[in-house]
Amino acid sequence: MRFSTIIPLALAAAPAVVSAAGSLGFALGDKKTDGSCKFQADWAADLKAISTVQSSKIVRTYSASECNTAKEILPAAKAAGFKVILGVWPDYDDSLAKDEAALIKYTPDYKDQVYAITVGSETMYRGNFTGPELLQRINKIKKAVPGFKVGTADSWNKYQDGTADALITGGVDILLANGFSYWQGQTDSNATASFFDDIMQAFGHIQQVSGKVDGGIELWVGETGWPTDGSKYQAAVPSLEGAKNYWKKAICGITAWGVNVFYFEAFDEPWKPKSIGQDGSVADETHWGAWNADRTPKFSMEC
Ligand SMILES: *[C@@H]1O[C@H](CO)[C@@H](O)[C@H](O)[C@H]1NC(C)=O
Ligand SMILES: *[C@@H]1O[C@H](CO)[C@@H](O)[C@H](O)[C@H]1NC(C)=O
């Protein structure tokens, strides 16, 4: 896929420019509905449900050591023919060390299952690290487990505004850009336009700074989605209809255009505590799944 700089929004309506479709993956939490840790059989059941959608064969997780995720998910992924992007939580020295140890211990036997490793989830967006500080942690992991693609996942605007430039010029292999029209308070009808615009700005900036469109850093949308229930956020209203529309327009549209996407998220997570949105309002994050917590699909995920 080629984004020379910033692609005009009008192109979003022209998926015909593309040869190969982008890959579709899902973001997975590591807890069961009651908030306890998933084990291998739970991950296996998750992957079984996900494999029914198009030809989806890739998922991403957030911490290799929390809930023994690397240990428990990798054998399930191998049995199901899935690949996994494993996460590292670098926010604390302790979590970084634990995730690093889990990667060293569990990845060697599952080289074909580990698609890549992301160090950090929105750490620049949350103000935990500057680009150079995060790069240092990415390089630490790269050295600890050689042979894997390593990068990070962050909000689209942290790529667009130059915060991540040190990563782009510093040799990372893969970058995931998250984009939520919902958290930008967009209406259902403007959600897809807003999403395309955000992602193109992020990818455009990365390609401009790296000077490469092909053979450069591998790019994915790391998280995007629309909640089926929960709290409103400015003009954004959660609804099943909204999620269905978002799937058809945003997810089907951007993958047809050749962009790789992780949908956030696969399954509802009813255990999740309420969080506070950027504007201070209380946000319910328990209904973002494409599937209900019991792994029944909420809508058709065909394109
Ligand atoms: C860093 O990350 C943790 C969560 O992992 C969070 O509690 C903290 O507030 C973050 N922000 C800063 C500025 O350290
Ligand atoms: C709709 O999305 C576009 C693209 O991001 C944006 O420029 C525009 O301001 C949005 N419209 C509204 C009403 O927010």
Side-chain angles (χ1 to χ4, degrees), residues 3 5-14 27 29-31 60-67 69 86-100 102 118-138 140-141 152-161 163-164 176-205 221-226 232-237 242 245-246 249-251 253-254 257 259 261 269 272-280 283 285:
F3 310 103
T5 49
I6 293 171
I7 308 284
L9 198 61
L11 268 184
D30 58 16
K31 309 272 194 325
R60 63 174 293 227
T61 60
Y62 293 83
S63 161
S65 67
E66 187 182 86
C67 290
T69 290
L86 290 172
V88 168
W89 202 258
D91 303 37
Y92 310 102
D93 289 345
D94 179 54
S95 58
L96 178 62
K98 281 185 179 146
D99 281 349
E100 180 179 344
T118 50
V119 180
S121 174
E122 301 191 344
T123 56
M124 292 178 290
Y125 177 73
R126 285 183 282 119
N128 288 69
F129 298 123
T130 62
E133 287 166 352
L134 181 56
L135 180 63
Q136 204 189 346
R137 285 149 180 96
I138 290 172
K140 181 170 159 51
I141 296 296
T152 194
D154 218 301
S155 180
W156 68 275
N157 57 324
K158 294 291 107 186
Y159 299 110
Q160 175 266 341
D161 72 6
T163 307
L176 282 62
N178 301 347
F180 287 101
S181 308
Y182 188 86
W183 294 125
Q184 287 166 250
Q186 294 290 324
T187 57
D188 178 25
S189 61
N190 202 45
T192 297
S194 170
F195 169 61
F196 268 71
D197 190 35
D198 294 347
I199 296 302
M200 292 313 115
Q201 287 191 50
F203 287 9
H205 184 88
V221 174
E223 292 182 356
T224 192
W226 196 268
K232 285 184 198 170
Y233 189 74
Q234 299 165 7
V237 181
N245 284 340
Y246 195 74
K249 291 198 275 180
I251 304 300
I254 209 157
W257 206 28
V259 177
V261 177
E269 298 193 76
K272 271 193 175 177
K274 299 227 185 315
S275 53
I276 309 294
Q278 239 187 323
D279 67 355
E285 291 194 285

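Just so you know, ligand 1 is whichever comes first in the structure, and atom 1 is the first atom listed for that ligand. Scope of the values below: all heavy atoms of this structure, side chains included, with no hydrogens, waters or symmetry mates.
Geometrically, ligand 2 and N190 share a nitrogen or oxygen pair separated by less than 3.5 Å.
Other residues, nucleotides and ligands place more than 12 heavy atoms under 6.0 Å from the NZ atom of K272.
Taking the centre of each ring, Y62 and W89 stay at or above the 6.0 Å mark.
Taking every heavy atom of D197 and a limit of under 4.0 angstrom, the matching atoms of ligand 2 come to 4 (C), 5 (O).
Counting only N and O atoms by type, the side chains of D99 and S65 include a donor and acceptor under 3.5 Å apart.
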Between the protein and ligand 1, which nitrogen or oxygen pairs come in under 3.5 Å, and how far apart is each?
residue	atom	partner	partner atom	Å
ligand 1	2 (O)	D91	OD2	3.0
ligand 1	2 (O)	R126	NH1	3.2
ligand 1	2 (O)	N128	OD1	3.3
ligand 1	2 (O)	N128	ND2	2.3
ligand 1	5 (O)	W89	NE1	3.1
ligand 1	5 (O)	D91	OD2	2.7
ligand 1	7 (O)	Y92	OH	3.4
ligand 1	11 (N)	N128	OD1	3.1
ligand 1	11 (N)	N128	ND2	3.4
ligand 1	14 (O)	N128	ND2	3.3

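With sequence neighbours excluded, no residue forms a ring pair (Phe, Tyr, Trp, His ring centres under 6.0 Å) with F129.
Judged by distance alone, the side chain of S155 and the main-chain N or O of K158 form no donor-acceptor pair under 3.5 Å. Between the D154 side chain and the Y125 main chain, a donor and an acceptor come within less than 3.5 Å of each other. Put simply, the side chain of R126 gets close to the backbone of S121: a donor and an acceptor are under 3.5 Å apart.
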